[in-house]
Amino acid sequence: MAGGWARDGAVSEQIEASISDELARMQAQKRPVGESLTHCAECEEPIPENRRTALPGVKLCLECQQERDGAHKMRGGINRRGSKDSQLR
């Protein structure tokens with residue numbers, strides 16, 4: 001149940017829109033293509049079979065990939081669709 005000036009279901013719609021936006025962003029990220037390497041392209045350590053199966057086209061071992069990606073960065077926690085400022089524009 002929405003309160004104030006919002007119609008019923010508005011909160012659910014905002015949540016669904018946020019989830020859809022995040023899924024679209026994740027799907028747009030580049031993914032490896034081609035055949036997986038058996039050994040890492042950087043450190044030449046063997047790449048586990050499970051990793052090669054899960055990510056077709058993988059070129060780096062897990063450790064090198066984590067180094068390349070850096071620390072996991074959290075996205076901003078502001079729901080722009082749900083903020084009052086975005087609704088007043």
Side-chain angles (χ1 to χ4, degrees):
M1 171 181 11
W5 295 98
R7 66 186 187 290
D8 287 344
V11 174
S12 295
E13 289 173 12
Q14 289 174 358
I15 292 169
E16 290 295 325
S18 295
I19 291 171
S20 296
D21 290 348
E22 186 64 17
L23 285 173
R25 185 190 69 80
M26 290 176 68
Q27 289 172 346
Q29 290 178 343
K30 284 188 171 184
R31 297 193 179 149
V33 293
E35 201 162 322
S36 296
L37 298 178
T38 58
H39 290 77
C40 180
E42 288 186 10
C43 70
E44 299 183 8
E45 290 292 319
I47 299 174
E49 179 67 30
N50 291 343
R51 179 166 169 76
R52 289 184 284 152
T53 303
L55 293 170
V58 71
K59 309 288 188 229
L60 302 174
C61 67
L62 187 59
E63 291 81 19
C64 290
Q65 187 66 53
Q66 287 175 337
E67 268 184 39
R68 183 175 278 191
D69 292 345
H72 179 70
K73 298 176 185 172
M74 295 297 289
R75 295 194 66 217
I78 298 173
N79 180 353
R80 297 278 180 210
R81 292 178 183 265
S83 70
K84 283 186 176 180
D85 292 338
S86 68
Q87 294 175 0
L88 294 175
R89 292 183 197 170

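None of these values were measured; they are calculated from a predicted model.
Residue pairs that meet the side chain to side chain donor-acceptor pair (under 3.5 Å) test with at least one member in residues 34-46, sequence neighbours left out, are E42-R68. Pairs engaging residues 47-58 under the side chain to side chain donor-acceptor pair (under 3.5 Å) rule: E49-R52, E49-T53 [sequence neighbours left out].
Apart from I47 itself, the hydrophobic cluster it occupies contains L37, L55, V58, where clustering links Ile, Leu, Val, Met, Phe, Trp and Tyr at side-chain heavy-atom distances under 4.5 Å. Residues near M26 contribute nothing to a hydrophobic cluster around it, because no ILVMFWY side-chain heavy atom sits closer than 4.5 Å to its side chain.
Not counting sequence neighbours, the partners of I19 by the side-chain contact (heavy atoms from CB on, under 4.5 Å) test are I15, L23.
The minimum heavy-atom distance linking C61 with C40 is given by the pair N-SG, 3.4 Å.
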